[in-house]
Amino acid sequence: MTYSASAPGKVILFGEHAVVFGEPAIAAALDLRTRVDATESDTPRINGVPLRQETNPYPYHALSVTGSRSMSLTIDSDVPPGAGLGSSAALSVAAVGALGKDYSDAEVAESAFSVELLAQGRASPIDTSVSTHGRAIYVDRNGGSGLLWSVRRGDVTWHIHHVDVPAMDIVVGFTGISAATGPLVENVRRLHSKYSTARNAVVEIGTIAAEARRRLSTGDVVGLGSLMDRNQKLLVTLGVSSREIGSLIDAVRPYSYGAKLTGAGGGGSIISLTDRPERVAEAIAKRGFTPFICKLGGEGLRRENDG
Ligand code: PMV
């Protein structure tokens, strides 16, 4: 019997890193997907190769979290790994969705978040929740209209809400550098515990994300663009930007309402909000980086068939 599921990658529009501390954030699903087929087998294999925790931490923990010892997974993905586009969350959600075939979306999001925590260390549930729900989500420390589910770890509770995102042109620029999320998140935790400037930056990023939610509802791209620029400056303060990210942002600035890194940073990707996506893509390619013109609001977890 084979159980199949797929789930999308994502971009974080506002609030990465601050969301780990419980601050508001907004993320949207992409139309790039990861598919997982789960088949019963005596020895667990990943794409035909025996499963090892060191080489396949996300599938390894997906099997343990769902209590599925004797399953093999076949994985196929169009989400570029290490680009800050949520490839690990898409894999965790698709794997949990295929293995936990009776799980509700809330249960998939909760279990896939456990997979990310086990594989990566500190994290927020933003990536796994948007990959499960699709479309777009707003994460807040309070529950309000559009509440989908809530996730709690330690003294932080994240309330996950559906949010409508108007049709907007977003261009992703990938630096080509994969930076591991775990150490970046850990470094921000260190700065946060030591310096009030870092603590203030985290709170201000949350304020920006909350303001961005209001502007999304009116489709105010000019206002959203300037919030993106402010968010980026604060991410620089948190030490997660890089020379390449700066170079990409300089390249797209003349044609963008705003631009910022997306995801963990340290490399990874930037996003530009623009009404000239082709021009932005060209500017990114001219500097030797990789552009993706993105459609936001991709479908969430989909069970492809049921055996
Ligand atoms: O590395 P990515 O794209 O999965 O982004 C992680 C987002 C962070 O806020 C930095 C961490 C998290 O788990 O929320």
Side-chain angles (χ1 to χ4, degrees), residues 4-16 19 25-37 58 62 75-98 103-106 108-113 115-116 124-139 146 148-149 160-174 181 209 212-213 216-217 219 221 224 228 260-264 268-274 277 280-281 290-305:
S4 304
S6 70
K10 64 93 207 2
V11 285
I12 297 182
L13 298 174
F14 294 94
E16 48 275 272
V19 68
I26 301 171
L30 296 174
D31 52 354
L32 303 169
R33 300 185 74 79
T34 297
R35 286 161 296 277
V36 171
D37 293 331
Y58 294 90
I75 301 162
D76 171 33
S77 182
D78 12 273
V79 189
L85 301 180
S87 60
S88 61
L91 172 56
S92 304
V93 170
V96 169
Y103 286 23
S104 66
D105 278 4
V108 171
E110 169 73 40
S111 300
F113 177 45
V115 171
E116 290 238 302
S124 83
I126 190 167
D127 286 13
T128 40
S129 285
V130 73
S131 184
T132 304
H133 176 63
R135 293 158 279 174
I137 62 166
Y138 175 69
V139 184
L148 297 166
W149 52 75
I160 314 295
H161 304 77
H162 169 80
V163 69
D164 286 319
V165 170
M168 299 188 309
D169 285 315
I170 291 279
V171 183
V172 171
F174 178 33
T181 300
R213 185 197 198 183
L216 275 174
S217 65
V221 284
L224 286 165
M228 282 169 77
K260 59 180 276 295
L261 67 83
T262 186
S269 297
I270 64 131
I271 48 172
S272 146
L273 176 61
T274 180
V280 168
T290 311
F292 302 90
I293 297 179
C294 286
K295 250 175 88 187
L296 299 185
E299 186 189 350
L301 171 68
R302 187 196 308 152
R303 280 156 170 125
E304 309 276 347
N305 63 50

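Only heavy atoms go into these numbers, but all of them, side chains included; no hydrogens, no water, no symmetry mates.
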**OP:** State, yes or no, whether a side-chain contact exists between Leu224 and Met168 at a heavy-atom distance under 4.5 Å.
**Re:** yes

Original post:
Do you know the tightest heavy-atom contact between Phe292 and Pro80?
Top reply: CZ-CG, 3.8 Å

**OP:** Taking the side chain as every heavy atom from C-beta outward, state whether Ile126 and Lys10 have any pair of such atoms under 4.5 Å apart.
**Re:** no

**OP:** Can you see which heavy atom on Val115 is nearest to which on Ser92, and at what distance?
**Re:** CG1-OG, 3.6 Å

Original post:
CG/Leu30 to SG/Cys294 distance, rounded to the nearest 0.5 angstrom?
Top reply: 5.0 Å

Subject >> Partners passing side-chain contact (heavy atoms from CB on, under 4.5 Å) against Arg33 (at least two apart in sequence or in another chain) >> reply: Ser6, Pro8, Arg35, Asp78, Glu299, Arg302

Original post:
Going by the angle between their ring planes, with limits at 30° and 60°, are Tyr138 and His161 parallel, tilted or perpendicular?
Top reply: tilted

**OP:** Look up atom OG1 in Thr181 and atom CG in Asp127, then write down how far apart they are to the nearest 0.5 Å.
**Re:** 7.5 Å

Original post:
Got a donor-acceptor contact below 3.5 angstrom from the Ser269 side chain to the Ala83 backbone?
Top reply: yes

Original post:
What's the shortest heavy-atom distance between Ala90 and Ser131, and which atoms?
Top reply: CA-OG, 3.6 Å

Original post:
How long is the span from the CZ atom in Arg135 to the NE2 atom in His162, to the nearest 0.5 Å?
Top reply: 6.0 Å

Original post:
Is there a side-chain contact between Leu261 and Glu16, using heavy atoms and a 4.5 Å cut-off?
Top reply: yes

Original post:
If every non-hydrogen atom of Val96 is compared with every non-hydrogen atom of Ser111, which pair is closest and at what distance?
Top reply: CG1-CB, 3.8 Å

Original post:
What residues, two or more places apart in sequence or in another chain, satisfy side-chain contact (heavy atoms from CB on, under 4.5 Å) together with Ala209?
Top reply: Phe14, Pro24

**OP:** Could you tell me the separation between the OG1 atom of Thr262 and the CG atom of Leu13, rounded to the nearest 0.5 Å?
**Re:** 7.0 Å

Subject >> Minimum heavy-atom distance Val79-Gly86, with the two atoms named >> reply: CG1-C, 4.3 Å

**OP:** Begin with the C-alpha distance, continue with both residues' side-chain angles, and end with the deciding distance and a verdict on side-chain contact (heavy atoms from CB on, under 4.5 Å) for His133 and Trp149.
**Re:** CA-CA 10 Å; His133 176 63; Trp149 52 75; 3.9 Å; yes

Original post:
Taking all non-hydrogen atoms of both residues, which atom of Pro166 and which atom of Gly219 are closest, and how far apart?
Top reply: CG-CA, 4.0 Å

Original post:
Rounded to the nearest 0.5 Å, how far apart are CG of Leu85 and OG of Ser77?
Top reply: 10.0 Å

**OP:** Assess whether side-chain contact (heavy atoms from CB on, under 4.5 Å) is satisfied between Val172 and Ile270, documenting all intermediate values.
**Re:** CA-CA 6 Å; Val172 171; Ile270 64 131; over 6 Å; no

**OP:** With rounding to the nearest 0.5 Å, note down the distance linking CD in Glu116 to CG in Leu91.
**Re:** 9.0 Å

Original post:
Excluding sequence neighbours, so at least two apart, what forms side-chain contact (heavy atoms from CB on, under 4.5 Å) with Ser104?
Top reply: Ala106, Glu107

Original post:
Which of these, Ile160, Ile137, Ile12, sits in a side-chain contact (heavy atoms from CB on, under 4.5 Å) with Val130?
Top reply: Ile137

